[in-house]
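Working notes, beginning with the structure itself.
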Amino acid sequence: MIRITLPDRSVKEYPEGVTGLEIAKNISEKLAKEVYAVSVNGQVYDLTFPIEKDAEIKLYTWDDAEGRHAFWHSSAHLMAEALESLYPGIKLCIGPSTDNGFYYDIDPCGHNISEKDFPEIERKMIELARQKNRFIRKEVPKEEAIDHYRKEGNEYKVELINEFEDETITFYLHGNFSDLCRGPHLPDTSYIKAVRLLNIAGAYWRGDENRKQLTRIYGISFPKQKLLDRHMEMLEEAARRDHRRLGKELELFTFSRKVGSGLPMWLPKGARLRERLENFLKKVQDDYGYDPVLSPHIGQKELYITSGHYEKYGESSFRPINTPAEGEEFMLKPMNCPHHCEIYKSSPRSYKDLPVRYAEFGTVYRYEQSGELHGLTRVRGFTQDDAHIFCRPDQLKEEFIKVIDIVFIIFNALEFSDFEIHISLRDKEEKENYIGTDENWEKAENAILEATREKGLDAKIVYGEAAFYGPKLDFMVNDALGRKWQLGTIQVDYNLPERFDLEYTGADNEKHRPVMIHRAPFGSMERFVAVMIEHTAGRFPLWLAPEQAVIITVSEKFEFYAKKVLKFLNNYDIRALVDNRNEKVGRKIRDNEMKRIPYLLVIGEKEAESGKISVRRQGEGDKGSMELEDFAAMVTNEVKKQTTSTNKPIVN
RNA sequence: GCCGAUGUAGCUCAGUUGGUCAGAGCAGCUGAUUUGUAAUCAGCUGGCCGGGGGUUCGAAUCCCUCCAUCGGCUCCA
């Protein structure tokens, strides 16, 4: 007998070779039906894996990522089986599960598979799933595995196996299908009850654009049809929140083919909204001792050669602009930091002057490949809420922490809670991608690690994500459709100060090199607003809403009173307008609700006589009548609460 | 940039195999109605069917080519 410890620390005895599935059955029949994988001493296995020794185990169901991964990974195999049967001769490449389903990359070898074929593939998958074929794990010597795929003519799998260190390769079989795979998998195919293929796209073999482009099919599957239905509803809701759609509906921004792709233009409502965000940050920056600077949109090529941007991105950026007579070469500025370095150099600096904090809402232009452009989140011209802090090495950590505080002031004010923090370090295997000495990189990376530790941030270290001149602390959020976007970023940089030969005179009367922090709490105004739109589904907090109130007249007869109310609200800086269209009240309420106006003020005979207003809060319905003064006070307070940052720092 | 899909009024979309196929709803305009908490009624105006080229007696529809958008891949200072 062996002793099995469950997550609740309870211990049970089972015969040697007991499986996860048997343990689940022993606990309850219901659990046995819902469990998909098991971990034994931290390692995830098939439910049919025999456990030979005392172990700690955990059973995974749909509610666990591990359970879903096993489910989806098995679904990927099922899809591959369906594809092989429908399109004989295709070659399988790789087919993993993801956090959101699964995909399989295949070389179609002449077959033409398109979305139109999805229903047929789905049908086939369900048909195969119902055969209830068991997933069987099989270990094969490396040579035999290579031989198998050589015979099959699948050079992709041969390449994969050749790179494995292990001498034994595992396969999973079910029915007549077999695939190179580590597992784990479901006990059998019948668990998969509902399948939906989502999209089809090209994907390079091993993510290398110089290699063959394969066909990737994405799908998702569920143990119940109901769960699939719910998932599809969720995707529809996400599509409704899509900032590209809402941006158009709410008249926030627009694109023009004639102006050029990837070049957003802000409509009045969007521009005002962006201004509010900018002013909010400016206020915070004033509190934190930042000084504004302004720099031009272009700079000499030489500037970017000095900064290193030219060497790194010159080839793939917008072509330089030449002056006709002198032949000078200018580049559209892709970053504000080189300009800010030159501003720093404009006068000699003493250690007493530091830190110097230069802030600018700087508009930059970057060439993005056409296939990359995406609404406001990936554009060719955008405005960074940029600032550069030049400080002494002994001030670095404190300054870095203050920047983290600013990021949180903003996230708090905007009720952003769903974000991840990445510590983006360099990939030491590929040092050629970065400038600067190992020593400086070590210092910069340690500064970030220390600061995040000190702030107790839950951050994930990601290697290879650093900027070419320094490591970063990045704040990432998910959009409505689950795509990840980088918002705020804080970067430590020892390299640009060196390249620009920045100096300050120390207490010892010697020249010293300052350290630089690059930071942008919003990241880019465009991307931030996009994420705001999706995050709030267009229902902005009151202080940001383009219109805070719309006055709805019960009939055109009450326009005189509506104008009076409007004037009153305007005196309190409440953004309001009058809807005096020749429509019924119900219609006006509906239209303005759809425009996501926070407060609707209905006025008719009663209100005109009593000098009150009837207040309706968005999404909450009728709130009854109110005195004008009370409403104004309520709105003013709400705005104040949203925009007041509680922890004001004392600077220098 | 690569793979695939899409492109018809301001918006959302119909338009079977090429031949009254240039349509609908919403928006807009005009009029009637003067309205009490999520769509009042009627009429009218909107389109070089993304651009260019071709096939054909005839193209929104078929072919080529640009452009843009969408979903991915690669990239992202």
Side-chain angles (χ1 to χ4, degrees), chain A residues 103 105 108 112-116 198-218 239 242 244-245 248-249 251 254-258 260-262 304 307-314 316-317 333-338 364 366-375 377-380 384 386 433-435 465-470 472 481 483 485-486 489 491 493 496 518 520 524 552-559 580-594 600-607 614-616 618-619 621-625:
Chain A
Y103 67 81
D105 283 352
N112 195 7
I113 306 171
S114 78
E115 270 171 58
K116 292 188 190 73
L198 297 169
N199 50 53
I200 183 165
Y204 300 108
W205 170 235
R206 316 209 77 178
D208 184 342
E209 63 179 321
N210 298 313
R211 304 195 66 179
K212 182 153 184 173
Q213 187 148 34
L214 308 166
T215 298
R216 175 174 297 179
I217 300 177
Y218 285 89
D242 195 311
R244 292 166 296 190
R245 178 198 176 102
K248 202 182 274 180
E249 268 176 34
E251 300 168 27
T254 189
F255 288 91
S256 141
R257 191 174 297 189
K258 209 150 196 169
S261 60
Y304 303 107
S307 70
H309 289 96
Y310 187 78
E311 195 195 336
K312 182 84 180 152
Y313 297 101
S316 60
S317 49
K333 88 171 160 187
M335 286 288 277
N336 301 299
C337 34
V364 297
R366 296 177 185 176
Y367 165 72
E368 302 285 357
Q369 299 183 97
S370 57
E372 280 311 328
L373 303 173
H374 181 96
T377 50
R378 195 76 190 268
V379 289
R380 287 174 168 169
Q384 293 179 310
D386 213 356
N433 289 341
Y434 309 95
I435 58 171
E465 287 296 311
F468 73 90
Y469 49 74
K472 312 186 282 178
L481 294 168
R483 288 170 290 221
W485 299 102
Q486 183 192 302
T489 178
Q491 310 170 2
D493 182 3
L496 285 192
H518 307 240
S524 95
I552 291 175
T553 51
V554 168
S555 95
E556 285 171 327
K557 287 190 293 197
F558 306 105
E559 186 169 15
N580 195 35
R581 287 176 304 162
N582 182 3
E583 296 288 351
K584 294 193 166 183
V585 180
R587 173 57 179 273
K588 294 196 210 181
I589 285 173
R590 182 186 147 81
D591 287 352
N592 287 295
E593 281 278 352
M594 294 213 302
L600 301 184
L601 313 175
V602 179
I603 57 158
E605 197 170 356
K606 274 186 290 182
E607 289 76 15
S614 176
V615 178
R616 214 189 135 94
Q618 181 187 68
D622 198 348
K623 293 286 191 192
S625 76

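Residue numbers begin at 1 in each chain, while the letters A, B, ... track the order of the sequences. In what follows, every heavy atom counts, from backbone to side chain, and hydrogens, waters and symmetry copies are set aside. Being a predicted model, the structure only gives us computed values, none of them experimental.
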(request) In whole angstrom, give the distance that lies between atom CD1 of A:Ile552 and atom C1' of B:G36. (result) 11 Å

(request) Between A:His309 and A:Lys116, name the one whose nearest nucleotide on RNA chain B is closer to the 5' end. (result) A:Lys116

(message) Counting C-beta onward and ignoring hydrogens, is there a side-chain heavy-atom pair between A:Leu496 and A:His518 closer than 4.5 Å?
(response) yes

(message) Distance check, P atoms only: B:A60 and B:C44, in whole angstrom units.
(response) 26 Å

(request) Kindly say if A:Tyr103 contacts the phosphate of B:G71, meaning a side-chain N or O under 4.0 Å from OP1 or OP2. (result) no

(request) State, to 0.1 Å, how close A:Asn433 and A:Lys312 come at their nearest heavy-atom pair, and which atoms those are. (result) O-NZ, 3.3 Å

(request) Would you mind reading off the distance between A:Asp242 atom CG and B:U12 atom P, rounded to a whole angstrom? (result) 12 Å

(request) For A:Glu556, answer base if it contacts any base atom (sugar-phosphate contacts may also be present), sugar-phosphate if it contacts only those atoms, and nothing otherwise; contact means non-hydrogen atoms under 4.0 Å. (result) base

(message) Among B:A68, B:G4, B:G36, which nucleotide has an atom closest to any side-chain atom of A:Ile200?
(response) B:G4

(message) Identify the stems formed by RNA chain B, where each pair is Watson-Crick or G-U wobble with both distances under 3.5 angstrom and a stem is at least 3 consecutive pairs.
(response) B:1-7 with B:67-73, B:10-13 with B:23-26, B:28-32 with B:40-44, B:50-54 with B:62-66

(message) Can you check the distance between B:C66 and B:G25, where both ends of the measurement are the P atom (answer in whole Å)?
(response) 39 Å

(message) Is the phosphate of B:C3 approached by A:Thr215 (side-chain N or O, under 4.0 Å from OP1 or OP2)?
(response) no

(message) Nearest whole Å is fine: how far is B:G28 P from A:Glu251 CD?
(response) 11 Å

(request) Name the residue closer to the 5' end of RNA chain B, choosing between A:Gln486 and A:Gly262 according to the nucleotide with the nearest heavy atom. (result) A:Gly262

(message) Rounded to whole Å, how long is the line connecting atom CD1 of A:Ile113 with atom C1' of B:G72?
(response) 16 Å

(request) Please tell me which of the listed nucleotides, B:C3, B:G7, B:G1, lies nearest to the side chain of A:Arg257? (result) B:G7

(request) Under the side chain to side chain donor-acceptor pair (under 3.5 Å) rule, collect the residues that match up with A:Thr553, sequence neighbours excluded. (result) A:Asn580, A:Lys588

(request) Please say which of A:Asp622, A:Leu600, A:Leu601, A:Ile603 ends up in a side chain to side chain contact (heavy atoms under 4.5 Å, CB included) with A:Ser614. (result) A:Asp622

(message) Expressed as a whole number of angstroms, how long is the span from A:Leu198:CG to B:C70:C1'?
(response) 15 Å

(request) Return the minimal non-hydrogen interatomic distance between A:Pro334 and A:Tyr304, and the atom names on each side. (result) CD-CE2, 3.6 Å

(request) Flag the pair A:Trp485 / A:His374 as yes when at least one side-chain heavy-atom distance between them is below 4.5 Å, and no otherwise. (result) yes

(message) Are B:A77 and A:Phe468 stacked, with the base six-membered ring and the side-chain ring centres under 5.5 Å apart and planes under 30°?
(response) no

(message) Quick check on B:G71: is either OP1 or OP2 less than 4.0 Å from any side-chain nitrogen or oxygen of A:Arg216?
(response) no

(request) Report the glycosidic orientation of B:G23: syn if within 90° of 0, anti in every other case. (result) anti

(request) Have a look at A:Gly371 and say if it touches a base, only the backbone sugar-phosphate, or nothing, with a 4.0 Å heavy-atom cut-off. (result) base

(request) May I ask you to verify if any side-chain N or O of A:Ser370 is less than 4.0 angstrom from the OP1 or OP2 atom of B:G1? (result) yes

(message) Taking B:A59 as the reference, what is the distance to B:U45 when you measure between their P atoms (whole Å, please)?
(response) 27 Å

(request) For A:Ile217 and A:Ile113, work out which heavy atoms get closest and say how close. (result) CD1-CG2, 4.1 Å

(request) State, to 0.1 Å, how close A:Ile435 and A:Ser307 come at their nearest heavy-atom pair, and which atoms those are. (result) CD1-O, 4.2 Å

(request) For nucleotides 37-49 of chain B, just jot down a letter per nucleotide in 5' to 3' order: B, S or -, based on protein non-hydrogen atoms under 4.0 Å. (result) BBBB---------

(request) Name the closest nucleotide to the A:Arg244 side chain, picking from B:G72, B:G36, B:G71. (result) B:G71

(request) Looking only at non-hydrogen atoms, find the nearest pair between A:Lys472 and A:Glu465 and report the distance. (result) CE-O, 3.2 Å

(message) Taking B:U56 as the reference, what is the distance to B:U61 when you measure between their P atoms (whole Å, please)?
(response) 16 Å

(message) Considering every strand and a 4.0 Å limit on heavy-atom distances, what is the contact class for A:Phe255: base, sugar-phosphate, or nothing?
(response) nothing

(message) Can you tell me if A:Arg483 touches the phosphate of B:G72, counting only side-chain N or O atoms and a distance under 4.0 Å to OP1 or OP2?
(response) yes

(request) Pick the C1' atom in B:C62 and in B:U17, then give their distance to the nearest Å. (result) 12 Å

(message) Using a heavy-atom cut-off of 4.0 Å across all strands, would you classify A:Ala201 as base, sugar-phosphate, or nothing?
(response) base

(request) State whether A:Lys557 and A:Glu605 are salt-bridged, where the test is any N-O pair (Lys NZ or Arg NE/NH1/NH2 against Asp/Glu carboxylate O) under 4.0 Å. (result) no

(message) With rounding to the closest Å, how many angstrom separate the C1' atoms on B:G15 and B:A9?
(response) 15 Å

(request) Determine the interatomic distance between P on B:G7 and the same-named atom on B:A14; round to the nearest Å. (result) 9 Å

(request) Take atom P in B:C64 and the same atom in B:U69, then report the distance between them in whole Å. (result) 22 Å

(request) Report yes or no: is there a donor-acceptor pair, N or O only, under 3.5 Å between the side chain of A:Arg378 and the base of B:C75? (result) yes

(request) Measure from CZ on A:Arg245 to P on B:G71 and round the result to the nearest Å. (result) 13 Å

(request) Output yes when A:Arg244 and A:Asp242 qualify as a salt bridge under the 4.0 Å nitrogen-oxygen rule, no when they do not. (result) yes

(request) For A:Glu368 and B:C75, give me the distance from atom CD to atom P, rounded to whole Å. (result) 13 Å

(request) Send over the distance from A:Asn199 CG to B:U6 P, rounded to a whole Å. (result) 15 Å

(request) For A:Tyr204 and A:Arg211, work out which heavy atoms get closest and say how close. (result) CD2-O, 3.7 Å

(message) Can you tell me if A:His374 touches the phosphate of B:U69, counting only side-chain N or O atoms and a distance under 4.0 Å to OP1 or OP2?
(response) no

(message) Parallel, tilted or perpendicular: which one describes the rings of A:Tyr103 and A:Tyr218, with boundaries at 30° and 60°?
(response) tilted

(message) Tell me if the side-chain of A:Tyr204 makes a donor-acceptor pair with the base of B:G1, cut-off 3.5 Å, by modelled atom types.
(response) yes

